[in-house]
Undergrad: 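Got a structure for you, questions after.
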Amino acid sequence: MDFIDSYAIVAYVAGPIARFADRLRDDLVPGTGHHSHITLLPPRALCCSVTEAAEFARGLVGQFEPFEVRLGEVEVFESTGVIYVAVTAGINELRAMHDVLNTGELEQPEPYDYVPHITLGQQLPPETFDRALQISRARWADFRPPPPLRIDTLTLVQQRTDGSWHDLAELSLGQVPAVG
């Protein structure tokens, strides 16, 4: 399978929230193949090797302690038509990690302000958007209250030409690498 020069850092979502979000995403946009996650560093090209990027990110991520994230309501990014579940707690930690990761070897101007979230649907045809939003909100309301998510590991991923993502390296929080 071919890869493109697009890399990101994500926190995969697990447990009941992952099952809910993965199922809903597949219902809204069949065949996406994306596993539910919170993006910490949006897709970008690398200006160094994957090994260098992973080691750079590992050193930064290791400075952060694991923490919990709580989720809020289903919302929409109006400029892109992305339907998502908002993060309501843990947002400061996620933003701090984003800001620290978007430096040095990984630095790149962001096209949008960083807003931590879990994507439920994107690139939806205009004729199905309102119905997809209605379904997302109704199912989320039935699912609530969602359990907290523990963030203790991030993953460096690379995009394939088919749009799927391949895991390249795990990055553990709270584990600063030894020097020397």
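Both backbone and side-chain heavy atoms feed into the values below; hydrogens, waters and symmetry mates do not.
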Undergrad: Charged N to carboxylate O below 4.0 Å: is that the case for Arg137 and Glu73?
TA: no
Undergrad: Report the C-alpha separation of Tyr7 and Val157 in whole Å, then their side-chain angles, then the decisive distance to 0.1 Å, and conclude whether the side chain to side chain contact (heavy atoms under 4.5 Å, CB included) test is met.
TA: CA-CA 6 Å; Tyr7 301 84; Val157 296; over 6 Å; no
Undergrad: Taking all non-hydrogen atoms of both residues, which atom of Tyr112 and which atom of Ser79 are closest, and how far apart?
TA: CE2-OG, 3.9 Å
Undergrad: Which pair of non-hydrogen atoms, one from Val85 and one from Gly72, has the smallest distance, and what is that distance?
TA: CG1-O, 4.1 Å
Undergrad: When rounded to the nearest 0.5 angstrom, what is the spacing between CH2 in Trp165 and OG in Ser6?
TA: 4.0 Å
Undergrad: Tell me if a side-chain donor or acceptor on Glu55 pairs with a main-chain N or O of Glu52 at a distance below 3.5 Å.
TA: no
Undergrad: Of the non-hydrogen atoms in Gln108 and Ala45, which two are nearest, and what is the gap between them?
TA: NE2-N, 3.7 Å
Undergrad: Between atom CD of Glu75 and atom CG of Leu120, what is the distance when rounded to the nearest 0.5 Å?
TA: 11.0 Å
Undergrad: Assess whether a salt bridge exists between Arg139 and Asp27, defined as any Lys/Arg side-chain N lying under 4.0 Å from an Asp/Glu carboxylate O.
TA: yes
Undergrad: Might you confirm whether atom CD of Glu170 has over 12 heavy atoms from other residues, nucleotides or ligands at distances under 6.0 Å?
TA: no
Undergrad: If the condition is ring pair (Phe, Tyr, Trp, His ring centres under 6.0 Å), which residues does Phe67 pass it with, not counting sequence neighbours?
TA: none
Undergrad: Please check if any side-chain donor atom of Asn102 sits under 3.5 Å from a side-chain acceptor atom of Tyr114, or the reverse.
TA: no
Undergrad: So how far is it from Leu41 CG to Leu154 CG, rounded to the nearest 0.5 Å?
TA: 10.0 Å
Undergrad: Could you list the residues that satisfy ring pair (Phe, Tyr, Trp, His ring centres under 6.0 Å) with Phe129, not counting sequence neighbours?
TA: none
Undergrad: So how far is it from Leu71 CG to Trp140 CH2, rounded to the nearest 0.5 Å?
TA: 4.5 Å
Undergrad: Evaluate the side-chain proximity of Arg95 to Pro116: yes if any heavy-atom separation is below 4.5 Å, no if none is.
TA: yes
Undergrad: Should side-chain heavy atoms under 4.5 Å link Ile, Leu, Val, Met, Phe, Trp and Tyr, which residues sit in the same cluster as Tyr84?
TA: Phe77, Val82, Val115
Undergrad: Do Ile17 and Pro147 touch side chain to side chain, with heavy atoms closer than 4.5 Å?
TA: yes
Undergrad: Once you round to the nearest 0.5 Å, how far does CZ of Arg131 lie from CG of Leu133?
TA: 11.0 Å
Undergrad: If I compare all heavy atoms of Leu149 with all of Ala14, which pair ends up nearest, and what's the gap?
TA: CD2-O, 4.0 Å
Undergrad: Would you say the side-chain atoms of Thr119 and His117 include a donor-acceptor pair closer than 3.5 Å?
TA: yes
Undergrad: Between Val87 and Ile118, is there a side-chain heavy-atom distance shorter than 4.5 Å?
TA: no
Undergrad: Please walk me through it: do Glu110 and His98 pass side chain to side chain contact (heavy atoms under 4.5 Å, CB included)?
TA: CA-CA 11 Å; Glu110 300 287 5; His98 166 270; 2.9 Å; yes
Undergrad: Compare all side-chain heavy atoms of Ser136 with those of Leu24 and state whether any distance is below 4.5 angstrom.
TA: yes
Undergrad: Using 0.5 Å steps for rounding, measure from the CZ atom of Arg23 to the OG atom of Ser36.
TA: 10.5 Å
Undergrad: Going by heavy atoms in the side chains, are Gln122 and Leu124 under 4.5 Å from each other?
TA: no
Undergrad: Checking side chain to side chain contact (heavy atoms under 4.5 Å, CB included) against Leu40, which of Leu101, Leu171, Thr155, Ile151 comes through?
TA: Leu101
Undergrad: How close do Ala169 and Arg58 get, counting heavy atoms only, and between which atoms?
TA: CB-NH2, 3.8 Å
Undergrad: Go through the steps for His35 and Asp22 under the test side chain to side chain contact (heavy atoms under 4.5 Å, CB included), then give the verdict.
TA: CA-CA 6 Å; His35 182 65; Asp22 287 347; 3.0 Å; yes
Undergrad: With distance as the sole test, does Arg70 use its side chain to make a donor-acceptor pair with the main-chain N or O of Gly90 at under 3.5 Å?
TA: no
Undergrad: Going through the distances and angles, do Tyr12 and Asp167 end up as a side chain to side chain contact (heavy atoms under 4.5 Å, CB included)?
TA: CA-CA 11 Å; Tyr12 284 121; Asp167 296 352; 2.5 Å; yes
Undergrad: Does any non-hydrogen side-chain atom of Leu28 lie less than 4.5 Å from one of Thr128?
TA: no
Undergrad: Other residues, nucleotides and ligands only: do more than 12 of their heavy atoms fall within 6.0 Å of CD on Gln123?
TA: no
Undergrad: Run the side-chain hydrogen bond (donor to acceptor under 3.5 Å, both in side chains) test on Ser164 and His166 for me, step by step, so that the C-alpha distance in whole Å, both residues' side-chain angles and the decisive distance to 0.1 Å come before the verdict.
TA: CA-CA 7 Å; Ser164 66; His166 175 71; over 6 Å; no
